[in-house]
Number of protein chains: 2
Amino acid sequence: MSEPSPGLVSAAIQAITQHIRSEGLAPGDPLPSEAAMTRQLNVSRTVVREAFRSLSAMRLIDMSAGRRATVAKLDTGAMSMVIEHGITTQQISVQQVYDVRRTIEMRTVALAALRRTDQEAAAISRSARLMRENFRNPEAVMEHDIAFHEAIAAASHNPVFSLIVTAFSGVTRRTWVIGWRTRSSDEAQLKMIKGHEDIADAILKGDPRLAAEHMAEHFDKSVKALIDAGIA
Amino acid sequence: MSEPSPGLVSAAIQAITQHIRSEGLAPGDPLPSEAAMTRQLNVSRTVVREAFRSLSAMRLIDMSAGRRATVAKLDTGAMSMVIEHGITTQQISVQQVYDVRRTIEMRTVALAALRRTDQEAAAISRSARLMRENFRNPEAVMEHDIAFHEAIAAASHNPVFSLIVTAFSGVTRRTWVIGWRTRSSDEAQLKMIKGHEDIADAILKGDPRLAAEHMAEHFDKSVKALIDAGIA
DNA sequence: GGTAGCAACCTGTCATACAGGCTTTAGGGA
DNA sequence: TCCCTAAAGCCTGTATGACAGGTTGCTACC
(Lines give C-alpha, C1' and ligand atoms only; values in the text may rest on other atoms or scores of the structure.)
Protein backbone atom coordinates (compact mmCIF):
# COMPACT_ATOMS: atom_id res chain seq x y z
CA MET A 1 0.00 0.00 0.00
CA SER A 2 1.31 3.40 -1.02
CA GLU A 3 4.71 4.11 -2.45
CA PRO A 4 7.76 2.81 -0.64
CA SER A 5 8.12 6.19 1.00
CA PRO A 6 11.86 6.49 1.07
CA GLY A 7 12.76 5.43 4.54
CA LEU A 8 14.05 2.40 6.31
CA VAL A 9 11.22 2.49 8.81
CA SER A 10 8.56 2.25 6.13
CA ALA A 11 10.44 -0.65 4.64
CA ALA A 12 10.57 -2.33 8.02
CA ILE A 13 6.85 -1.85 8.50
CA GLN A 14 6.26 -3.45 5.13
CA ALA A 15 8.55 -6.30 6.06
CA ILE A 16 6.68 -6.99 9.25
CA THR A 17 3.22 -6.89 7.69
CA GLN A 18 4.57 -9.00 4.87
CA HIS A 19 5.85 -11.48 7.43
CA ILE A 20 2.39 -11.70 8.99
CA ARG A 21 0.90 -12.31 5.60
CA SER A 22 3.38 -14.84 4.29
CA GLU A 23 3.46 -16.81 7.51
CA GLY A 24 -0.29 -16.70 7.75
CA LEU A 25 -0.16 -15.51 11.33
CA ALA A 26 -3.33 -15.26 13.39
CA PRO A 27 -4.11 -12.99 16.33
CA GLY A 28 -1.98 -13.93 19.30
CA ASP A 29 0.82 -15.42 17.24
CA PRO A 30 4.26 -14.06 18.09
CA LEU A 31 6.36 -11.95 15.75
CA PRO A 32 10.11 -12.11 15.37
CA SER A 33 12.06 -10.31 18.06
CA GLU A 34 13.49 -6.89 17.37
CA ALA A 35 16.95 -8.35 17.33
CA ALA A 36 15.99 -10.95 14.74
CA MET A 37 14.36 -8.33 12.57
CA THR A 38 17.41 -6.14 12.97
CA ARG A 39 19.61 -8.86 11.53
CA GLN A 40 17.18 -9.81 8.80
CA LEU A 41 16.78 -6.28 7.50
CA ASN A 42 20.32 -5.24 8.27
CA VAL A 43 19.30 -2.00 9.91
CA SER A 44 19.70 -0.65 13.40
CA ARG A 45 17.43 -1.57 16.23
CA THR A 46 16.17 2.02 16.23
CA VAL A 47 14.58 1.54 12.84
CA VAL A 48 13.04 -1.79 13.73
CA ARG A 49 11.69 -0.41 16.98
CA GLU A 50 10.07 2.55 15.29
CA ALA A 51 8.43 0.15 12.87
CA PHE A 52 7.11 -2.08 15.63
CA ARG A 53 5.97 0.91 17.59
CA SER A 54 4.11 2.31 14.60
CA LEU A 55 2.23 -0.93 14.10
CA SER A 56 1.51 -1.01 17.79
CA ALA A 57 0.09 2.51 17.64
CA MET A 58 -2.26 1.35 14.89
CA ARG A 59 -3.15 -1.63 17.08
CA LEU A 60 -2.11 -4.09 14.45
CA ILE A 61 0.25 -5.72 16.92
CA ASP A 62 0.42 -5.89 20.70
CA MET A 63 3.62 -5.05 22.51
CA SER A 64 4.53 -5.48 26.13
CA ALA A 65 7.77 -5.45 28.04
CA GLY A 66 9.72 -8.67 28.13
CA ARG A 67 7.40 -10.47 25.74
CA ARG A 68 7.65 -10.62 22.00
CA ALA A 69 5.15 -8.60 20.00
CA THR A 70 2.09 -10.53 18.91
CA VAL A 71 -0.45 -10.13 16.15
CA ALA A 72 -3.39 -8.13 17.48
CA LYS A 73 -7.08 -8.74 17.30
CA LEU A 74 -9.06 -6.33 15.21
CA ASP A 75 -9.23 -3.04 17.04
CA THR A 76 -10.66 0.33 16.28
CA GLY A 77 -7.73 2.29 17.66
CA ALA A 78 -6.27 3.61 14.45
CA MET A 79 -9.60 4.34 12.85
CA SER A 80 -10.87 6.41 15.71
CA MET A 81 -7.60 8.33 15.76
CA VAL A 82 -8.08 9.19 12.10
CA ILE A 83 -11.66 10.29 12.60
CA GLU A 84 -10.78 12.38 15.63
CA HIS A 85 -7.92 13.93 13.74
CA GLY A 86 -10.29 14.88 10.96
CA ILE A 87 -12.67 16.45 13.43
CA THR A 88 -10.12 18.39 15.46
CA THR A 89 -8.44 19.75 12.35
CA GLN A 90 -11.86 20.65 10.96
CA GLN A 91 -11.43 18.56 7.87
CA ILE A 92 -14.69 16.79 8.60
CA SER A 93 -17.77 18.01 10.41
CA VAL A 94 -19.86 16.34 13.07
CA GLN A 95 -22.80 16.38 10.71
CA GLN A 96 -20.84 14.48 8.10
CA VAL A 97 -20.01 11.85 10.68
CA TYR A 98 -23.68 11.57 11.57
CA ASP A 99 -24.59 11.08 7.94
CA VAL A 100 -22.15 8.19 7.74
CA ARG A 101 -23.37 6.77 11.01
CA ARG A 102 -26.94 6.95 9.84
CA THR A 103 -26.09 5.17 6.63
CA ILE A 104 -24.25 2.42 8.41
CA GLU A 105 -26.54 1.97 11.34
CA MET A 106 -29.61 1.73 9.15
CA ARG A 107 -27.93 -1.40 7.90
CA THR A 108 -26.54 -2.76 11.17
CA VAL A 109 -29.91 -2.45 12.82
CA ALA A 110 -31.59 -4.38 10.03
CA LEU A 111 -28.92 -7.06 10.10
CA ALA A 112 -29.15 -7.21 13.87
CA ALA A 113 -32.90 -7.81 13.64
CA LEU A 114 -32.22 -10.70 11.30
CA ARG A 115 -29.15 -12.25 12.88
CA ARG A 116 -29.09 -11.34 16.56
CA THR A 117 -28.80 -14.14 19.07
CA ASP A 118 -31.07 -14.02 22.09
CA GLN A 119 -28.12 -12.97 24.15
CA GLU A 120 -27.32 -10.08 21.83
CA ALA A 121 -30.94 -8.96 21.80
CA ALA A 122 -30.89 -8.99 25.58
CA ALA A 123 -27.71 -6.89 25.69
CA ILE A 124 -29.26 -4.33 23.36
CA SER A 125 -32.45 -4.14 25.40
CA ARG A 126 -30.44 -3.88 28.59
CA SER A 127 -28.54 -0.84 27.32
CA ALA A 128 -31.80 0.85 26.43
CA ARG A 129 -33.21 0.05 29.84
CA LEU A 130 -30.14 1.39 31.59
CA MET A 131 -30.51 4.64 29.68
CA ARG A 132 -33.93 5.08 31.19
CA GLU A 133 -32.90 4.02 34.67
CA ASN A 134 -30.02 6.49 34.74
CA PHE A 135 -31.69 9.29 32.96
CA ARG A 136 -30.87 11.83 35.64
CA ASN A 137 -27.20 11.18 35.00
CA PRO A 138 -26.35 12.36 31.46
CA GLU A 139 -22.87 10.86 31.55
CA ALA A 140 -24.31 7.43 32.27
CA VAL A 141 -27.03 7.81 29.66
CA MET A 142 -24.39 8.64 27.09
CA GLU A 143 -22.28 5.60 27.87
CA HIS A 144 -25.27 3.30 27.64
CA ASP A 145 -26.29 5.01 24.44
CA ILE A 146 -22.88 4.33 22.94
CA ALA A 147 -22.92 0.77 24.21
CA PHE A 148 -26.38 0.39 22.66
CA HIS A 149 -25.16 1.29 19.21
CA GLU A 150 -22.03 -0.82 19.51
CA ALA A 151 -24.12 -3.78 20.65
CA ILE A 152 -26.30 -3.44 17.59
CA ALA A 153 -23.23 -3.35 15.38
CA ALA A 154 -21.92 -6.46 17.10
CA ALA A 155 -25.24 -8.21 16.53
CA SER A 156 -24.91 -7.53 12.81
CA HIS A 157 -22.21 -10.20 12.88
CA ASN A 158 -20.03 -8.18 10.56
CA PRO A 159 -16.92 -6.98 12.37
CA VAL A 160 -16.29 -4.29 9.78
CA PHE A 161 -19.47 -2.56 10.84
CA SER A 162 -18.44 -2.88 14.46
CA LEU A 163 -15.10 -1.41 13.63
CA ILE A 164 -16.56 1.66 11.98
CA VAL A 165 -19.32 2.24 14.49
CA THR A 166 -16.88 1.97 17.36
CA ALA A 167 -14.49 4.32 15.62
CA PHE A 168 -17.16 6.99 15.78
CA SER A 169 -17.79 6.55 19.49
CA GLY A 170 -15.04 8.99 20.38
CA VAL A 171 -16.68 11.72 18.35
CA THR A 172 -19.99 10.89 19.91
CA ARG A 173 -18.54 11.35 23.37
CA ARG A 174 -17.53 14.87 22.47
CA THR A 175 -20.85 15.97 21.00
CA TRP A 176 -23.45 13.84 22.71
CA VAL A 177 -24.08 16.18 25.59
CA ILE A 178 -24.85 19.01 23.16
CA GLY A 179 -27.71 17.05 21.68
CA TRP A 180 -28.90 16.09 25.14
CA ARG A 181 -29.06 19.68 26.28
CA THR A 182 -31.21 20.75 23.37
CA ARG A 183 -33.76 18.30 24.69
CA SER A 184 -34.43 20.62 27.53
CA SER A 185 -37.49 19.02 29.06
CA ASP A 186 -37.68 15.68 30.81
CA GLU A 187 -40.32 14.77 28.33
CA ALA A 188 -38.06 15.37 25.34
CA GLN A 189 -35.26 13.40 26.93
CA LEU A 190 -37.49 10.48 27.77
CA LYS A 191 -38.84 10.53 24.25
CA MET A 192 -35.33 10.11 22.94
CA ILE A 193 -34.83 7.17 25.25
CA LYS A 194 -38.14 5.74 24.09
CA GLY A 195 -36.72 5.83 20.58
CA HIS A 196 -33.97 3.50 21.69
CA GLU A 197 -36.42 1.15 23.30
CA ASP A 198 -38.43 1.02 20.12
CA ILE A 199 -35.33 0.03 18.22
CA ALA A 200 -34.49 -2.63 20.77
CA ASP A 201 -38.01 -4.03 20.59
CA ALA A 202 -37.95 -4.20 16.82
CA ILE A 203 -34.68 -6.10 16.97
CA LEU A 204 -36.13 -8.41 19.57
CA LYS A 205 -39.13 -9.04 17.34
CA GLY A 206 -36.81 -9.67 14.42
CA ASP A 207 -38.40 -6.99 12.27
CA PRO A 208 -35.66 -5.39 10.17
CA ARG A 209 -37.90 -2.91 8.42
CA LEU A 210 -39.38 -1.56 11.62
CA ALA A 211 -35.98 -1.45 13.27
CA ALA A 212 -34.56 0.55 10.37
CA GLU A 213 -37.49 2.95 10.51
CA HIS A 214 -36.96 3.65 14.17
CA MET A 215 -33.24 4.05 13.64
CA ALA A 216 -33.81 6.52 10.82
CA GLU A 217 -36.12 8.51 13.00
CA HIS A 218 -33.61 8.48 15.81
CA PHE A 219 -30.84 9.83 13.61
CA ASP A 220 -33.01 12.44 12.00
CA LYS A 221 -33.92 13.80 15.39
CA SER A 222 -30.35 13.66 16.61
CA VAL A 223 -29.09 15.57 13.61
CA LYS A 224 -31.87 18.09 14.03
CA ALA A 225 -30.86 18.54 17.65
CA LEU A 226 -27.27 19.19 16.65
CA ILE A 227 -28.29 21.68 14.01
CA ASP A 228 -30.55 23.47 16.46
CA ALA A 229 -27.55 23.71 18.75
CA GLY A 230 -25.58 25.37 15.97
CA ILE A 231 -23.16 22.58 15.16
CA ALA A 232 -22.17 23.21 11.59
CA MET B 1 -9.14 7.50 23.48
CA SER B 2 -8.27 4.24 25.21
CA GLU B 3 -6.56 3.86 28.54
CA PRO B 4 -3.27 5.62 29.13
CA SER B 5 -1.49 2.42 28.28
CA PRO B 6 1.40 2.61 30.69
CA GLY B 7 4.21 3.88 28.56
CA LEU B 8 6.00 7.10 27.88
CA VAL B 9 5.44 6.79 24.16
CA SER B 10 1.67 6.63 24.50
CA ALA B 11 1.84 9.65 26.74
CA ALA B 12 3.91 11.47 24.15
CA ILE B 13 1.42 10.59 21.41
CA GLN B 14 -1.35 11.98 23.56
CA ALA B 15 0.66 15.10 24.21
CA ILE B 16 1.19 15.70 20.52
CA THR B 17 -2.43 15.16 19.54
CA GLN B 18 -3.43 17.29 22.47
CA HIS B 19 -1.10 19.99 21.22
CA ILE B 20 -2.78 19.90 17.82
CA ARG B 21 -6.15 20.18 19.45
CA SER B 22 -5.37 22.92 21.94
CA GLU B 23 -3.48 25.03 19.44
CA GLY B 24 -6.19 24.51 16.87
CA LEU B 25 -3.68 23.49 14.24
CA ALA B 26 -4.77 22.96 10.66
CA PRO B 27 -3.25 20.73 7.98
CA GLY B 28 0.16 22.03 7.02
CA ASP B 29 0.82 23.76 10.32
CA PRO B 30 4.15 22.83 11.90
CA LEU B 31 4.51 20.88 15.11
CA PRO B 32 7.14 21.43 17.78
CA SER B 33 10.52 19.95 17.01
CA GLU B 34 11.58 16.69 18.59
CA ALA B 35 14.02 18.54 20.77
CA ALA B 36 11.33 20.90 22.04
CA MET B 37 9.00 18.03 22.78
CA THR B 38 11.83 16.22 24.52
CA ARG B 39 12.30 19.13 26.90
CA GLN B 40 8.61 19.69 27.40
CA LEU B 41 7.85 16.09 28.32
CA ASN B 42 11.14 15.49 30.04
CA VAL B 43 11.77 12.22 28.27
CA SER B 44 14.45 11.04 25.88
CA ARG B 45 14.43 11.82 22.22
CA THR B 46 13.91 8.10 21.60
CA VAL B 47 10.46 8.26 23.14
CA VAL B 48 9.48 11.43 21.33
CA ARG B 49 10.68 10.04 18.03
CA GLU B 50 8.69 6.85 18.41
CA ALA B 51 5.63 8.96 19.13
CA PHE B 52 6.15 11.15 16.08
CA ARG B 53 6.84 8.13 13.95
CA SER B 54 3.68 6.42 15.13
CA LEU B 55 1.56 9.40 14.20
CA SER B 56 3.35 9.57 10.90
CA ALA B 57 2.55 5.90 10.25
CA MET B 58 -1.11 6.67 10.82
CA ARG B 59 -0.73 9.62 8.46
CA LEU B 60 -1.89 12.07 11.05
CA ILE B 61 1.29 14.05 10.58
CA ASP B 62 3.80 14.41 7.76
CA MET B 63 7.49 14.02 8.43
CA SER B 64 10.44 14.71 6.21
CA ALA B 65 14.13 15.10 6.81
CA GLY B 66 15.32 18.50 7.89
CA ARG B 67 11.83 19.95 8.17
CA ARG B 68 9.62 19.96 11.17
CA ALA B 69 6.67 17.60 11.21
CA THR B 70 3.41 19.12 10.03
CA VAL B 71 -0.24 18.32 10.55
CA ALA B 72 -1.40 16.06 7.74
CA LYS B 73 -4.41 16.24 5.50
CA LEU B 74 -6.99 13.52 5.95
CA ASP B 75 -5.59 10.32 4.56
CA THR B 76 -6.78 6.79 4.38
CA GLY B 77 -3.45 5.22 5.24
CA ALA B 78 -4.21 3.93 8.69
CA MET B 79 -7.68 2.77 7.85
CA SER B 80 -6.62 0.68 4.92
CA MET B 81 -3.88 -0.85 7.03
CA VAL B 82 -6.48 -1.91 9.60
CA ILE B 83 -8.76 -3.39 6.98
CA GLU B 84 -5.93 -5.24 5.29
CA HIS B 85 -4.78 -6.53 8.63
CA GLY B 86 -8.25 -7.86 9.31
CA ILE B 87 -8.31 -9.59 5.95
CA THR B 88 -4.87 -11.16 6.09
CA THR B 89 -5.40 -12.42 9.62
CA GLN B 90 -8.79 -13.75 8.55
CA GLN B 91 -10.67 -11.77 11.12
CA ILE B 92 -12.88 -10.34 8.41
CA SER B 93 -13.95 -11.85 5.12
CA VAL B 94 -14.05 -10.32 1.68
CA GLN B 95 -17.79 -10.79 1.63
CA GLN B 96 -18.16 -8.79 4.79
CA VAL B 97 -16.20 -5.98 3.23
CA TYR B 98 -18.45 -6.08 0.22
CA ASP B 99 -21.51 -5.84 2.40
CA VAL B 100 -20.11 -2.70 4.00
CA ARG B 101 -19.13 -1.30 0.64
CA ARG B 102 -22.59 -1.93 -0.72
CA THR B 103 -24.17 -0.20 2.24
CA ILE B 104 -21.93 2.82 1.91
CA GLU B 105 -21.89 3.12 -1.83
CA MET B 106 -25.64 2.93 -2.07
CA ARG B 107 -25.50 6.17 -0.17
CA THR B 108 -22.53 7.79 -1.89
CA VAL B 109 -24.03 7.17 -5.29
CA ALA B 110 -27.30 8.79 -4.26
CA LEU B 111 -25.51 11.75 -2.73
CA ALA B 112 -23.31 12.03 -5.80
CA ALA B 113 -26.39 12.19 -8.02
CA LEU B 114 -27.69 15.05 -5.91
CA ARG B 115 -24.53 16.98 -5.26
CA ARG B 116 -22.03 16.27 -8.01
CA THR B 117 -20.53 19.16 -9.88
CA ASP B 118 -20.35 18.91 -13.63
CA GLN B 119 -16.66 18.29 -13.32
CA GLU B 120 -17.20 15.41 -10.90
CA ALA B 121 -19.87 13.88 -13.12
CA ALA B 122 -17.43 14.07 -16.02
CA ALA B 123 -14.69 12.37 -13.99
CA ILE B 124 -17.05 9.54 -13.07
CA SER B 125 -18.17 9.09 -16.65
CA ARG B 126 -14.59 9.18 -17.84
CA SER B 127 -13.59 6.35 -15.53
CA ALA B 128 -16.46 4.25 -16.84
CA ARG B 129 -15.45 5.03 -20.41
CA LEU B 130 -11.84 4.13 -19.74
CA MET B 131 -12.98 0.78 -18.38
CA ARG B 132 -14.58 0.01 -21.70
CA GLU B 133 -11.70 1.33 -23.77
CA ASN B 134 -9.20 -0.80 -21.89
CA PHE B 135 -11.29 -3.83 -21.47
CA ARG B 136 -8.66 -6.15 -22.89
CA ASN B 137 -6.35 -5.11 -20.09
CA PRO B 138 -7.80 -6.35 -16.78
CA GLU B 139 -5.24 -4.45 -14.71
CA ALA B 140 -6.28 -1.18 -16.30
CA VAL B 141 -9.97 -1.98 -16.01
CA MET B 142 -9.49 -2.61 -12.32
CA GLU B 143 -7.73 0.68 -11.72
CA HIS B 144 -10.41 2.61 -13.54
CA ASP B 145 -13.04 0.66 -11.63
CA ILE B 146 -11.46 1.66 -8.34
CA ALA B 147 -11.08 5.25 -9.50
CA PHE B 148 -14.75 5.17 -10.51
CA HIS B 149 -15.92 4.27 -7.03
CA GLU B 150 -13.57 6.74 -5.38
CA ALA B 151 -14.77 9.49 -7.70
CA ILE B 152 -18.36 8.77 -6.70
CA ALA B 153 -17.40 8.94 -3.05
CA ALA B 154 -15.65 12.26 -3.67
CA ALA B 155 -18.75 13.57 -5.42
CA SER B 156 -20.80 12.78 -2.30
CA HIS B 157 -18.99 15.74 -0.77
CA ASN B 158 -18.56 13.90 2.50
CA PRO B 159 -14.89 13.14 3.13
CA VAL B 160 -15.74 10.45 5.63
CA PHE B 161 -17.31 8.40 2.87
CA SER B 162 -14.26 8.99 0.72
CA LEU B 163 -12.06 7.88 3.54
CA ILE B 164 -13.87 4.60 4.01
CA VAL B 165 -14.33 3.81 0.34
CA THR B 166 -10.67 4.47 -0.35
CA ALA B 167 -9.68 2.34 2.61
CA PHE B 168 -11.32 -0.60 0.90
CA SER B 169 -9.52 -0.08 -2.36
CA GLY B 170 -6.57 -2.17 -1.21
CA VAL B 171 -8.80 -5.14 -0.57
CA THR B 172 -10.44 -4.63 -3.92
CA ARG B 173 -7.07 -4.76 -5.64
CA ARG B 174 -6.49 -8.20 -4.17
CA THR B 175 -9.81 -9.72 -5.09
CA TRP B 176 -10.96 -7.85 -8.15
CA VAL B 177 -9.36 -10.12 -10.68
CA ILE B 178 -11.16 -13.11 -9.19
CA GLY B 179 -14.52 -11.55 -9.92
CA TRP B 180 -13.34 -10.60 -13.38
CA ARG B 181 -12.33 -14.12 -14.23
CA THR B 182 -15.70 -15.57 -13.30
CA ARG B 183 -17.10 -13.35 -16.03
CA SER B 184 -15.55 -15.62 -18.56
CA SER B 185 -17.09 -14.30 -21.76
CA ASP B 186 -16.49 -10.93 -23.36
CA GLU B 187 -20.20 -10.43 -23.15
CA ALA B 188 -20.31 -10.89 -19.39
CA GLN B 189 -17.37 -8.57 -18.92
CA LEU B 190 -18.87 -5.88 -21.11
CA LYS B 191 -22.12 -6.24 -19.24
CA MET B 192 -20.32 -5.49 -16.02
CA ILE B 193 -18.80 -2.41 -17.59
CA LYS B 194 -22.22 -1.41 -18.87
CA GLY B 195 -23.37 -1.48 -15.25
CA HIS B 196 -20.82 1.18 -14.45
CA GLU B 197 -21.93 3.30 -17.36
CA ASP B 198 -25.51 3.07 -16.16
CA ILE B 199 -24.46 4.33 -12.77
CA ALA B 200 -22.49 7.18 -14.31
CA ASP B 201 -25.45 8.15 -16.48
CA ALA B 202 -27.82 8.17 -13.54
CA ILE B 203 -25.44 10.44 -11.65
CA LEU B 204 -25.15 12.68 -14.68
CA LYS B 205 -28.94 12.87 -14.90
CA GLY B 206 -29.09 13.62 -11.20
CA ASP B 207 -31.39 10.71 -10.45
CA PRO B 208 -30.43 9.34 -7.02
CA ARG B 209 -32.98 6.54 -7.00
CA LEU B 210 -31.92 5.18 -10.36
CA ALA B 211 -28.26 5.53 -9.44
CA ALA B 212 -28.80 3.58 -6.24
CA GLU B 213 -30.66 0.87 -8.09
CA HIS B 214 -27.85 0.37 -10.56
CA MET B 215 -25.32 0.39 -7.76
CA ALA B 216 -27.25 -2.25 -5.85
CA GLU B 217 -27.40 -4.40 -8.93
CA HIS B 218 -23.70 -3.95 -9.51
CA PHE B 219 -22.84 -5.09 -6.00
CA ASP B 220 -25.23 -7.98 -6.02
CA LYS B 221 -23.62 -9.30 -9.17
CA SER B 222 -20.12 -8.72 -7.84
CA VAL B 223 -20.85 -10.58 -4.65
CA LYS B 224 -22.41 -13.38 -6.62
CA ALA B 225 -19.31 -13.56 -8.76
CA LEU B 226 -17.12 -13.83 -5.68
CA ILE B 227 -19.30 -16.53 -4.18
CA ASP B 228 -19.26 -18.46 -7.43
CA ALA B 229 -15.49 -18.26 -7.27
CA GLY B 230 -15.57 -19.78 -3.82
CA ILE B 231 -14.53 -16.77 -1.78
CA ALA B 232 -15.91 -17.46 1.65
C1' DG C 1 20.11 45.95 -3.04
C1' DG C 2 20.85 41.43 -4.41
C1' DT C 3 23.00 37.08 -4.00
C1' DA C 4 25.98 33.39 -2.56
C1' DG C 5 27.46 30.90 1.13
C1' DC C 6 27.70 29.67 5.75
C1' DA C 7 25.71 28.69 10.30
C1' DA C 8 22.09 26.91 12.99
C1' DC C 9 18.54 23.79 13.35
C1' DC C 10 16.16 19.67 12.22
C1' DT C 11 15.31 14.88 11.09
C1' DG C 12 17.32 9.97 9.90
C1' DT C 13 20.09 6.39 11.44
C1' DC C 14 23.45 3.99 14.22
C1' DA C 15 25.88 2.16 18.38
C1' DT C 16 25.86 1.32 23.14
C1' DA C 17 24.26 0.84 27.72
C1' DC C 18 21.37 -0.53 31.34
C1' DA C 19 16.95 -1.44 33.92
C1' DG C 20 13.34 -4.48 34.41
C1' DG C 21 9.91 -8.13 32.69
C1' DC C 22 9.43 -13.13 31.06
C1' DT C 23 10.70 -17.81 30.13
C1' DT C 24 13.25 -21.64 30.51
C1' DT C 25 16.12 -24.59 32.55
C1' DA C 26 19.17 -26.57 35.78
C1' DG C 27 19.66 -27.87 40.24
C1' DG C 28 18.37 -28.97 44.78
C1' DG C 29 15.19 -30.66 48.11
C1' DA C 30 11.36 -33.75 49.37
C1' DT D 1 11.12 -39.61 40.63
C1' DC D 2 8.80 -35.37 41.05
C1' DC D 3 8.14 -30.73 42.29
C1' DC D 4 9.65 -26.38 43.27
C1' DT D 5 12.86 -22.66 43.28
C1' DA D 6 16.29 -19.68 41.60
C1' DA D 7 19.47 -18.16 38.27
C1' DA D 8 20.54 -17.40 33.47
C1' DG D 9 19.31 -15.65 29.15
C1' DC D 10 16.16 -13.30 26.04
C1' DC D 11 13.31 -9.57 25.31
C1' DT D 12 11.47 -4.97 25.47
C1' DG D 13 11.66 0.11 27.47
C1' DT D 14 14.32 4.08 27.83
C1' DA D 15 18.42 7.08 27.78
C1' DT D 16 22.64 9.08 25.73
C1' DG D 17 25.76 10.47 22.37
C1' DA D 18 27.25 10.80 17.70
C1' DC D 19 27.15 11.87 12.93
C1' DA D 20 25.19 12.39 8.17
C1' DG D 21 22.43 14.97 5.36
C1' DG D 22 18.44 18.12 4.35
C1' DT D 23 16.34 22.96 5.17
C1' DT D 24 16.17 27.56 6.34
C1' DG D 25 17.45 31.90 7.46
C1' DC D 26 20.97 35.17 8.20
C1' DT D 27 25.16 37.45 7.06
C1' DA D 28 28.64 39.24 4.63
C1' DC D 29 30.36 40.16 0.38
C1' DC D 30 29.80 41.83 -4.26
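In what follows, chains are A, B, ... by sequence order, proteins preceding strands, each numbered from 1. Small disclaimer: the values here were computed from a predicted structure and weren't measured.
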Please tell me whether Glu150(A) and Ser169(A) have a donor and an acceptor in their side chains that are separated by less than 3.5 angstrom.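 Ser169(A) and Glu150(A) do have a side-chain donor-acceptor pair below 3.5 Å.
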Verify whether one side chain among Arg116(A) and Ser156(A) offers a donor that lies under 3.5 Å from an acceptor in the other. no
Using whole Å, report how far [atom1] of [X] lies from [atom2] of [N].
X	N	atom1	atom2	answer
Phe52(A)	dC11(D)	CZ	C1'	11 Å
Asp62(B)	dT11(C)	CG	C1'	14 Å
Leu41(A)	dC14(C)	CG	C1'	15 Å
Met37(B)	dA15(D)	CE	C1'	19 Å
Leu8(A)	dA20(D)	CG	P	17 Å
Asn42(A)	dT13(C)	CG	P	14 Å
Glu34(A)	dA17(C)	CD	C1'	15 Å
Glu50(B)	dT16(D)	CD	P	15 Å

Contacts of Val9(A) and Arg67(A) projected onto DNA chain C by closest heavy atom; the upstream (5') one is Val9(A)
Residue met sooner reading DNA chain C from 5', once Ala65(A) and Val47(A) are mapped to nucleotides: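 Comparing both residues, the 5'-ward one is Val47(A).
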Please check the phosphate of [N] (OP1 and OP2 only) for any side-chain N or O of [X] closer than 4.0 Å.
X	N	value
Arg49(B)	dG12(C)	yes
Arg53(A)	dT14(D)	yes
Ser44(A)	dC14(C)	yes

Output the single nucleotide from dG21(C), dT14(D), dG12(C) whose closest atom is nearest the side chain of Arg45(B). dG12(C)
Is there side-chain contact between Arg173(A) and Met142(A), with at least one heavy-atom pair below 4.5 Å? yes
Under the criterion ring pair (Phe, Tyr, Trp, His ring centres under 6.0 Å), I'd like the reasoning laid out for His196(A) against His149(A): C-alpha separation, chi angles, the key distance, then a yes or no. CA-CA 9 Å; His196(A) 284 76; His149(A) 289 277; 5.5 Å; yes
Any donor-acceptor N/O pair, Thr76(B) side chain to Leu163(B) backbone, under 3.5 Å: yes
If you look at every strand shown and take non-hydrogen atoms under 4.0 Å, does Thr46(A) touch a base, only sugar-phosphate, or nothing?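 Answer is base: heavy atoms of Thr46(A) come under 4.0 Å of a base.
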